[in-house]
Amino acid sequence: QVQLVESGGGLVQPGDSLRLSCAASGFTLENYAIAWFRQAPGKEREGVSYIRRSDGSTYYADTVKGRFTVSRDLAKNTFYLEMNSLKPEDTAVYYCAADRYYDGTYYFTDPELYDYWGQGTQVTVSS
């Protein structure tokens, strides 16, 4: 059974850093496209970052480029989102997602492409 479990959310101040983790079970991360999304109250789910299945290359939404870093540890079957210089507008529920087949680069922010989702973890950036 494919399962994704996020952890690491919390309340931080503007400018702080936070690392989210997503532990995968039931499948091997190396063979899947994996991504992070977020959803703020009243807004649509937004694609934040992505690791391409075929070559492990990484991609980011413009809103987080230069501040967030996505990575994976294949030995632990876990992937991460390192978030630096956090802003109040980063406040959202963050979700990890995976898909067996997607291998593109342009549409990675479309949530419809991903078959598997974690339960979400709240990140709140406030002073």
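Just so you know, residue 1 is the first one in the sequence shown, and it goes up from there.
- Side chain to side chain, Thr78 and Asp73 fail the donor-acceptor criterion of an N or O pair below 3.5 Å.
- Looking at Asp99 and Arg53, no side-chain N of the basic residue comes within less than 4.0 Å of a carboxylate O on the acidic one, giving no salt bridge.
- A donor-acceptor pair is defined here as one N or O able to donate and one able to accept, closer than 3.5 Å; such a pair exists between the side chain of Thr121 and the backbone of Gly9.
- Side-chain contact between Glu6 and Trp36 is present, with at least one heavy-atom pair separated by less than 4.5 Å.
- Between the Asn77 side chain and the Ala23 main chain, no donor and acceptor come within less than 3.5 Å of each other.
- Contact annotation: the side chain of Asp16 never approaches that of Val125 to less than 4.5 Å [non-hydrogen atoms, C-beta and beyond].
- In this structure the side chain of Arg100 reaches within 4.5 angstrom of the side chain of Asn31, judged on heavy atoms.
- At a threshold of 4.5 Å between non-hydrogen side-chain atoms, the residues Val70 and Tyr80 do not count as touching.
- For Asp103 and Arg52, the salt-bridge test passes: some basic side-chain N is under 4.0 Å from an acidic carboxylate O.
- Thr124 is not listed as a side-chain neighbour of Val12, based on a closest heavy-atom distance of 4.5 Å or more.
- The CE atom of Met83 sits 9.0 Å away from atom OG of Ser17, with the distance rounded to the nearest 0.5 Å.
- Residue Glu30 holds its CD atom at 11.5 Å from OG of Ser54, rounded to the nearest 0.5 Å.
- Contact record, Ala98 with Leu4: N-CD1, 3.9 Å, taken as the closest heavy-atom pair.
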task = Take Gln122 and Thr91 through the test side-chain contact (heavy atoms from CB on, under 4.5 Å) and record every step on the way to the result.
result = CA-CA 8 Å; Gln122 177 70 46; Thr91 295; 4.0 Å; yes
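- Residues Tyr101 and Tyr32 form no side-chain contact, since every pair of their non-hydrogen atoms from C-beta on lies 4.5 Å or further apart.
- In this structure, Phe108 shares a hydrophobic cluster with Phe37, Tyr50, Tyr59, Val93, Tyr95, Tyr102, Tyr106, Tyr107, Leu113, Tyr114, Trp117, the cluster being traced through Ile, Leu, Val, Met, Phe, Trp and Tyr side chains under 4.5 angstrom apart.
- One finds the OG atom of Ser21 at 8.5 Å from the NZ atom of Lys76 (value rounded to the nearest 0.5 Å).
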Go through it in stages, so that I can follow the logic: the residues are Leu81 and Thr69, the test is side-chain contact (heavy atoms from CB on, under 4.5 Å), and I'd like the CA-CA distance, side-chain angles, deciding distance and then a yes or no. CA-CA 6 Å; Leu81 184 67; Thr69 302; over 6 Å; no
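- Cluster annotation: Leu74 is connected to Leu20 through the hydrophobic network of ILVMFWY side chains, with a link wherever side-chain heavy atoms come within less than 4.5 Å.
- The minimum heavy-atom distance linking Leu86 with Arg67 is given by the pair CA-NH1, 3.9 Å.
- Within 6.0 Å of CD in Glu44 there are 12 or fewer heavy atoms belonging to other residues, nucleotides or ligands.
- Residues Thr109 and Gly47 come closest through the heavy atom pair CG2-O, 3.8 Å.
- For the pair Ser49 and Phe68, the minimum side-chain heavy-atom distance is 4.5 Å or more.
- Salt bridge present: Asp62 and Lys65 bring a charged side-chain N and a carboxylate O closer than 4.0 Å.
- No hydrogens or angles considered: nothing links the side chains of Gln1 and Ser25 as a donor-acceptor pair under 3.5 Å.
- No continuous path of hydrophobic side-chain contacts links Leu11 to Leu18 [ILVMFWY only; heavy atoms under 4.5 Å].
- Across all non-hydrogen atoms, the minimal contact from Pro14 to Ser126 is CD-C, 3.7 Å.
- Using a 4.5 Å heavy-atom threshold, the side chains of Thr63 and Arg38 count as touching.
- Residue Val5 is not grouped with residue Tyr116 when hydrophobic side chains (ILVMFWY) are merged at heavy-atom distances under 4.5 angstrom, including chains of intermediate members.
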